[in-house]
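Contents: one structure, followed by commentary.
All of these numbers come straight from a predicted model, not from anything done at the bench. Counting starts at 1 for both ligands and their atoms, following the listed order.
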Amino acid sequence: MSDRRPWDGLPRVPLADLPTPLERLDRFGAAIGAEVWIKRDDTGSFGLAGNKVRKLEFVLADARRQGADTIVIIGAEQSNAARATAAACARLHMRCVLVLSGDEPPSATGNLVLDRLFGAETHFAGDVGWAELYERASAISDDLRDGGATPYLLPAGSSSPLGAVGFTAAWFELLDQLDGEAAALYFASSSGGTHAGLLVGRALSEGGPELRSIGVAADIVPDMPGYITSLAEQAAELLEVEADVERAAIDTDHVGEGYAVPTDAGNEAIRLLARTEAILCDPVYSGKALAALVQHARAGSLDGPVVFWHTGGHHALFAPRFRDAVLG
Ligand SMILES: *Cc1c(COP(=O)(O)O)cnc(C)c1O
């Protein structure tokens with residue numbers, strides 16, 4: 001590839017501290033018998049960091065270009081995407097409206113405290129699925145528009161094709177840092193933007209680590225692999241590149257009982273990383289992806305060094321319902 005990269009032509013607001021560090025986990029690797037590297041999207045000062053910040057750099061630049069003054073996004077009550085969006089809106093002087101599933105809790109905990117600290121407004125939609133939550137957010141956007149605002153509505157996790165572009169850029173950031181080959185790249189996947197962006201990157205670089213997408217949520221649409229593949233194809237179109245995108249494959253063996261329900265293997269992986277490297281993962285996302293890596297290492301099925309993409313979210317450890325689970 002030339003020095004000019006396909007996303008250079010797209011508007012982008014700098015929010016993340018990039019590049020995030022790539023580190024070798026010597027003690028953790030020794031404990032599981034593998035060479036493991038970690039890509040630290042959990043670090044950085046902006047809005048407590050995490051993978052959503054990379055997507056927001058592109059989607060919020062687009063929102064600004066379109067003259068939006070209000071961002072509306074949907075999410076779960078403890079959504080990392082909602083919190084990162086609230087932080088970004090504070091920085092960019094935009095109004096932020098969060099449309100969250102579930103009922104309003106009697107007192108705010110975790111990300112909800114931060115959402116409010118960053119000045120976001122919250123609407124609780126009750127116990128509804130993703131499709132209904134999005135409809136609710138569309139209706140709220142319409143009301144805002146009627147009231148004279150210029151809203152910009154984001155999908156769950158900011159996983160629009162433009163959001164995914166953040167992870168195409170991230171893929172090349174990783175390749176630039178990797179010294180030698182890595183066999184596989186492990187990451188937690190839910191709304192699919194991370195996976196889709198990496199798929200485009202991998203198609204463009206025609207090589208690099210194999211993607212090990214570890215599903216941590218119930219599907220937001222019936223055919224999640226098809227949906228993510230199509231998201232990747234749309235991202236490639238935005239980038240105006242010919243990318244022979246492979247079909248998304250998601251490993252759903254590590255979800256356990258469902259989204260945000262901790263698993264024993266996830267909790268054990270979280271403790272092992274904390275006690276060998278003093279790096280924190282969360283029981284909703286990164287802990288389950290790490291559990292997959294640990295299981296594959298112990299089974300002897302890794303073909304060489306692997307990279308674990310730490311997507312953030314470790315603040316969830318302080319939520320009362322997760323705290324006791326991870327301590328075991
Ligand atoms: C949202 C999130 C993911 C999943 O990323 P998607 O792009 O939504 O698939 C993984 N880890 C953390 C901590 C997240 O907040």
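- Taking atom 8 (O) of ligand 1 as the reference point, the nearest protein heavy-atom neighbour is Ser191 OG, 2.5 Å.
- By heavy-atom distance, the residue among Lys52, His315, Lys288, Gln78 lying nearest atom 14 (C) of ligand 1 is Lys52.
- By the rule that hydrophobic residues join a cluster once side-chain heavy atoms approach within less than 4.5 Å of another member, Trp130 and Val97 end up as members of one cluster.
- For the ligand labelled ligand 1, residue Gly50 lies outside the 4.0 Å heavy-atom shell.
- Residue contact check for ligand 1: His314 places no non-hydrogen atom closer than 4.0 Å to it.
- The shortest heavy-atom distance from Gly192 to ligand 1 is under 4.0 Å.
- The only member of Trp309, Trp171, Phe187, Tyr186 that meets ring pair (Phe, Tyr, Trp, His ring centres under 6.0 Å) when paired with His195 is Phe187.
- Look at Asp176 and Arg5 and you find a salt bridge, because one of the NZ, NE, NH1 or NH2 atoms lies within 4.0 Å of a carboxylate O, short of that distance.
- With hydrogens left out, the protein atom closest to atom 11 (N) of ligand 1 is Thr311 OG1, 2.6 Å, a heavy atom.
- In the candidate list Ser190, Gly313, Ala316, Ser190 is nearest to atom 4 (C) of ligand 1, counting heavy atoms.
- The protein heavy atom nearest to atom 13 (C) of ligand 1 is Gly312 O, 3.0 Å.
- Under a 4.0 angstrom heavy-atom cut-off, Ser189 registers as being in contact with ligand 1.
- Ring centers of Phe58 and Trp7: at least 6.0 Å apart, outside the cut-off.
- For ligand 1, none of its N or O atoms has an N or O atom of His195 under 3.5 Å away.
- At the top of the distance list for atom 5 (O) of ligand 1, counting protein heavy atoms only, stands Asn51 ND2, 3.0 Å.
- Using a 4.0 Å cut-off between heavy atoms, Asn80 contacts ligand 1 through its side chain alone, with no backbone atom that close.
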